[in-house]
Amino acid sequence: QITQMGGIHSQIPQLVQMTPKFTVRNYDDLLARLRQSPRVVDQTIDLMRRGIESGITPPRITLGEVAGLIANQLVDDVEKSPIYQVGFTEFRANIPAEERGRIQAEARKVIAGNVIPSLRKLHRFWVEDYYPRTRQSVAMADLPDGPAWYAHNVRVMTTTSMTPDQIHELGLSEVKRIRAEMEQIREQAGFQGSLAEFFEFLRTDPRFFHTTREGLLVEYRDIAKRIDPELPRLFGRLPRLPYGVVPVPEYSEKTQTTAYYNPGSLEAGRPGLFYANTYNLPARPRWEMEALTIHEAVPGHHLQLALAQELEDVPKFRRFGGYTAFVEGWGLYSESLGPELGMYKDPYSKFGQLTYEMWRAVRLVVDTGMHSKGWTRQQAIEFFKENAGKSEHDIVVEIDRYIVWPGQALAYKLGELKFKELRSWATKELGERFNIREFHDTVLSAGALPLPVLETRVREWVATKSAAAGVIPRREDGEESPADGAGSVPASRS
């Protein structure tokens with residue numbers, strides 16, 4: 001599938017960027033893969049034709065920029081191709097000079113003769129055949145077997161048995177709770193207007209925005225390095241793999257989200273990378289930067305995913321696979337650790353953290369609203385604007401993301417609530433014996449897990465510590481829990 005979020009046209013340069021480039025053989029293997037671009041594009045087109053025939057396409061309203069995203073790869077000068085730029089302009093010292101020349105010449109030949117023609121074919125198919133046949137509706141419920149398909153997506157993404165209606169109501173409850181906290185921060189900041197006026201102030205006042213792309217990137221890097229030395233207070237084990245902060249590539253930045261993380265690899269010699277979007281600076285407020293860095297870098301995605309990769313004596317799916325509710329739930333839970341990491345010292349940064357939490361609560365409402373309750377795209381945009389301080393550009397990009405990834409956005413808040421629930425329960429159960437470093441090591445030391453399995457793991461940890469202290473764990477109702485920790489941690493519905 002190709003959407004505004006990506007497809008084969010963006011996956012090819014990503015492949016080139018992520019492929020190891022230590023030896024001449026690495027480059028030859030990469031060139032061999034690039035020679036197969038026409039085959040992969042033809043397969044993609046075939047699948048898209050099948051989608052047209054079966055009535056399964058992305059909503060047209062989200063796809064207006066895709067033709068341009070593909071066209072960004074169609075350069076006349078091969079050396080200006082993003083693929084050439086990221087893969088064949090710099091070499092390690094151990095690559096001989098004569099081999100560098102040969103590799104670059106072959107790369108120019110392959111890009112000009114294989115990659116660009118195949119992407120030109122894709123562009124023509126998209127413009128002439130596919131885009132005009134995409135659907136007008138936005139709801140997954142409008143697809144063949146749509147309601148059942150969406151309910152399946154919800155179960156897969158959340159690893160829970162919650163229904164779309166239950167999630168919708170939980171989202172409304174969370175939005176109400178977070179709005180009350182936002183009102184408190186507005187008062188602490190000394191702002192005299194309404195919350196809506198405070199949102200507008202945060203979206204528009206020049207003090208909250210960088211004027212250069214480099215300035216934005218430098219501040220992200222500064223935040224990351226201020227967090228790093230604080231991590232040992234909350235974690236007993238930290239990953240060996242380093243990470244960096246880089247800009248979202250220009251060829252995809254217009255339709256990309258505010259930031260994302262790409263895992264690294266010790267084996268491939270590739271660091272984890274936190275990609276920060278430097279496009280449209282008036283849409284990138286400084287007050288959101290601390291929460292975003294915590295989520296995408298440390299102690300969020302980089303710490304969790306790098307630790308999972310370093311697991312030993314487990315199947316590869318445990319090291320490299322994942323469950324969205326765990327991975328993204330951990331990222332959102334990590335944002336709440338800001339005060340313990342020395343972040344959110346001014347009310348605006350704290351409001352940024354609440355804005356990001358609200359963002360994920362709004363997702364519960366608008367994702368289920370559009371895909372199962374008949375909401376329009378504009379209705380979802382307006383609900384988002386009414387309840388969060390994010391810029392309108394970001395809001396539209398986000399809503400269109402939820403439209404083409406039905407159910408994916410539900411995982412964040414449900415996962416975060418489970419992590420918070422388990423921490424609260426374990427703290428109450430263990431009292432003085434609760435150790436935050438041990439708790440975090442427990443939840444991260446087995447890789448990403450379905451939420452029920454995570455809960456069982458925490459219960460077992462509590463039971464083990466309690467048994468060692470000669471204490472019988474107790475359930476929330478005051479009765480003794482089984483010695484094996486088989487009790488149920490009550491769901492948080494705050």
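Note that the structure is a prediction, hence the values are computed from the model and not measured.
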For a quick test of reading the model, state the closest non-hydrogen atom pair linking [X] to [Y] and the distance between them.
X	Y	value
Ala325	Thr159	CB-OG1, 4.1 Å
Leu449	Ala446	CD2-O, 4.0 Å
Tyr150	Met140	CA-SD, 3.8 Å
Ser37	Ile12	OG-CD1, 4.0 Å
His371	Val138	CE1-O, 3.5 Å
Pro339	Tyr344	CD-CD1, 3.5 Å

### Task
Could you tell me which residues satisfy side-chain hydrogen bond (donor to acceptor under 3.5 Å, both in side chains) with Thr158, sequence neighbours excluded, listed by chain and number?
Thr160

### Task
Applying side-chain hydrogen bond (donor to acceptor under 3.5 Å, both in side chains), name anything that partners Glu416, two or more places apart in sequence or on another chain.
Lys413, Lys420

Return yes if some donor-acceptor pair links the side-chain N/O of [X] with the main-chain N/O of [Y] below 3.5 Å, else return no.
X	Y	value
Asn277	Glu253	yes
Arg457	Thr442	yes
Asn94	Phe22	yes
Gln166	Thr163	yes
Asp441	Gly236	yes
Arg459	Leu422	no
Arg135	Ile56	no
Arg226	Glu230	no
Ser334	Pro299	yes
Asn153	Pro406	yes

## Note on the structure
side chain to side chain donor-acceptor pair (under 3.5 Å) pairs touching residues 303-327, sequence neighbours excluded, are Glu267-Arg319

Is the shortest heavy-atom distance from the side chain of [X] to the side chain of [Y] under 4.5 Å?
X	Y	value
Leu444	Phe235	yes
Phe439	Thr427	no
Glu288	Gln353	no
Val462	Trp425	yes
Ser349	Met343	no
Ile70	His9	yes

Roughly how far apart are [X] [atom1] and [Y] [atom2], rounded to 0.5 Å?
X	Y	atom1	atom2	value
Ile116	His123	CD1	NE2	13.0 Å
Leu170	Leu414	CG	CG	6.0 Å
Ile178	Ser173	CD1	OG	9.5 Å
Leu119	Trp126	CG	CH2	13.5 Å
Thr3	Glu65	OG1	CD	12.5 Å
Asp367	Tyr402	CG	OH	8.5 Å

Is it true that, when you exclude [X] itself, more than 12 heavy atoms of the residues, nucleotides or ligands shown sit nearer than 6.0 Å to its [atom1]?
X	atom1	value
Asp145	CG	no
Lys225	NZ	yes
Lys254	NZ	no

[Y]/[X] salt bridge by N-O under 4.0 Å criterion:
X	Y	result
Glu328	Arg360	no
Arg433	Glu438	no
Glu53	Arg49	no

### Message
My understanding is that only residues two or more places apart in sequence, or in another chain, count here; which of them pass salt bridge (charged side-chain N to carboxylate O under 4.0 Å, His left out) with Arg423?
### Response
Glu340

### Query
How would you list, by chain and number, every residue that makes a salt bridge (charged side-chain N to carboxylate O under 4.0 Å, His left out) with Glu398, sequence neighbours excluded?
Arg363, Arg401

### Task
Walk me through it: do Arg50 and Asp46 pass the test salt bridge (Lys or Arg N to Asp or Glu O under 4.0 Å)?
CA-CA 6 Å; Arg50 295 186 194 183; Asp46 182 58; 3.1 Å; yes

### Query
Yes or no on side-chain contact (heavy atoms from CB on, under 4.5 Å) for Lys109 and Leu31, after CA distance, side-chain angles and deciding distance?
CA-CA 10 Å; Lys109 179 180 177 181; Leu31 290 168; over 6 Å; no

### Query
When you check the side-chain N and O atoms of Thr23 and Arg25, is any donor under 3.5 Å from an acceptor?
no

### Task
Show the numbers, then the answer: is there a side-chain contact (heavy atoms from CB on, under 4.5 Å) between Glu357 and Glu335?
CA-CA 8 Å; Glu357 188 178 8; Glu335 293 176 27; 5.6 Å; no

### Message
For Trp375 and His168, take the angle between the two ring planes, folded into 0 to 90°, and tell me which bin it lands in: parallel under 30, tilted 30 to 60, perpendicular over 60.
### Response
perpendicular

### Message
Test: ring pair (Phe, Tyr, Trp, His ring centres under 6.0 Å). Region: residues 295-320. Which pairs qualify, not counting sequence neighbours?
### Response
Tyr243-His302, Tyr261-His302, His295-His301

### Message
Taking the six-membered ring for Trp, are Trp330 and His440 closer than 6.0 Å centroid to centroid?
### Response
yes

